[in-house]
A.B. asks: 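Got a structure for you, questions after.
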Amino acid sequence: LDLWGYTVLTRSFGIVPEARELKTSGPYHFVRHPVYLGQFISQAGVWLFFAQTNALWIGLSVVFVAMQLYRSKLEDRVLAEAFGEPYREWQQRTFWFV
């Protein structure tokens, strides 16, 4: 899912949230942040595979999820400011994560 999201993003991908182009096709037709959702699913798979329950692993996972949730909210804000009503309409048609 995250690879599909990256493929659709192409040149719109960036480290810092920017509004280059509003992507609404591919996985973005269904989910606003498919890259992050794919990463969460992958991380859960790794967690289950290794069945790690030590405090360090749990702490790192919580920090990772919190950072991605925060970044997704930043991206939402940047895109809403840049694209206005078209973005808000797309926001209402898609799920935030699932």
Side-chain angles (χ1 to χ4, degrees):
L1 184 59
D2 59 340
L3 292 176
W4 186 20
Y6 284 129
T7 302
V8 171
L9 279 177
T10 58
R11 293 178 45 179
S12 293
F13 172 75
I15 302 301
V16 178
E18 294 182 52
R20 295 183 184 126
E21 181 181 352
L22 181 59
K23 300 289 185 170
T24 60
S25 62
Y28 294 90
H29 180 75
F30 307 103
V31 180
R32 236 178 296 156
H33 300 283
V35 171
Y36 300 147
L37 178 59
Q39 290 172 353
F40 292 158
I41 293 169
S42 297
Q43 185 178 16
V46 168
W47 180 290
L48 290 173
F49 181 77
F50 290 111
Q52 296 290 324
T53 55
N54 68 48
L56 178 63
W57 183 252
I58 293 169
L60 290 173
S61 295
V62 168
V63 167
F64 173 76
V65 169
M67 287 173 39
Q68 296 295 63
L69 291 173
Y70 176 72
R71 181 176 165 91
S72 72
K73 287 298 188 182
L74 288 177
E75 289 178 5
D76 282 339
R77 189 175 313 134
V78 167
L79 292 170
E81 289 174 7
F83 297 111
E85 191 57 34
Y87 180 76
R88 284 185 275 284
E89 289 173 3
W90 174 71
Q91 229 178 354
Q92 292 175 351
R93 291 192 317 262
T94 58
F95 291 108
W96 179 43
F97 275 100
V98 183

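Just so we're clear, the structure is a prediction, and the values are computed from it rather than from any experiment.
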A.B. asks: Apply side-chain hydrogen bond (donor to acceptor under 3.5 Å, both in side chains) to Gln43 and list each qualifying residue two or more places apart in sequence or on a separate chain.
C.D. replies: Ser61
A.B. asks: Which pairs would a plain distance check flag for residues 76-86, meaning a side-chain donor or acceptor within less than 3.5 Å of a matching protein atom at least two apart in sequence or in another chain?
C.D. replies:
| unit_1 | atom_1 | unit_2 | atom_2 | d |
| --- | --- | --- | --- | --- |
| Asp76 | OD1 | His33 | NE2 | 3.1 |
| Asp76 | OD1 | Tyr87 | OH | 2.5 |
| Asp76 | OD2 | Arg32 | NH1 | 3.4 |

A.B. asks: In the single-linkage hydrophobic clustering (I, L, V, M, F, W, Y; side-chain heavy atoms under 4.5 Å), do Met67 and Leu74 co-cluster?
C.D. replies: no
A.B. asks: Could you walk me through whether Val35 and Tyr28 satisfy the side chain to side chain contact (heavy atoms under 4.5 Å, CB included) test, starting with their C-alpha distance in whole Å, then the side-chain angles of each, then the deciding distance to 0.1 Å, before giving a yes or no?
C.D. replies: CA-CA 9 Å; Val35 171; Tyr28 294 90; 3.7 Å; yes
A.B. asks: Using 30° and 60° as the class limits, which term best fits the ring planes of Phe64 and Phe40: parallel, tilted or perpendicular?
C.D. replies: perpendicular
A.B. asks: Drop me the distance from Glu75's CD to Lys73's NZ, to the nearest 0.5 angstrom.
C.D. replies: 11.5 Å
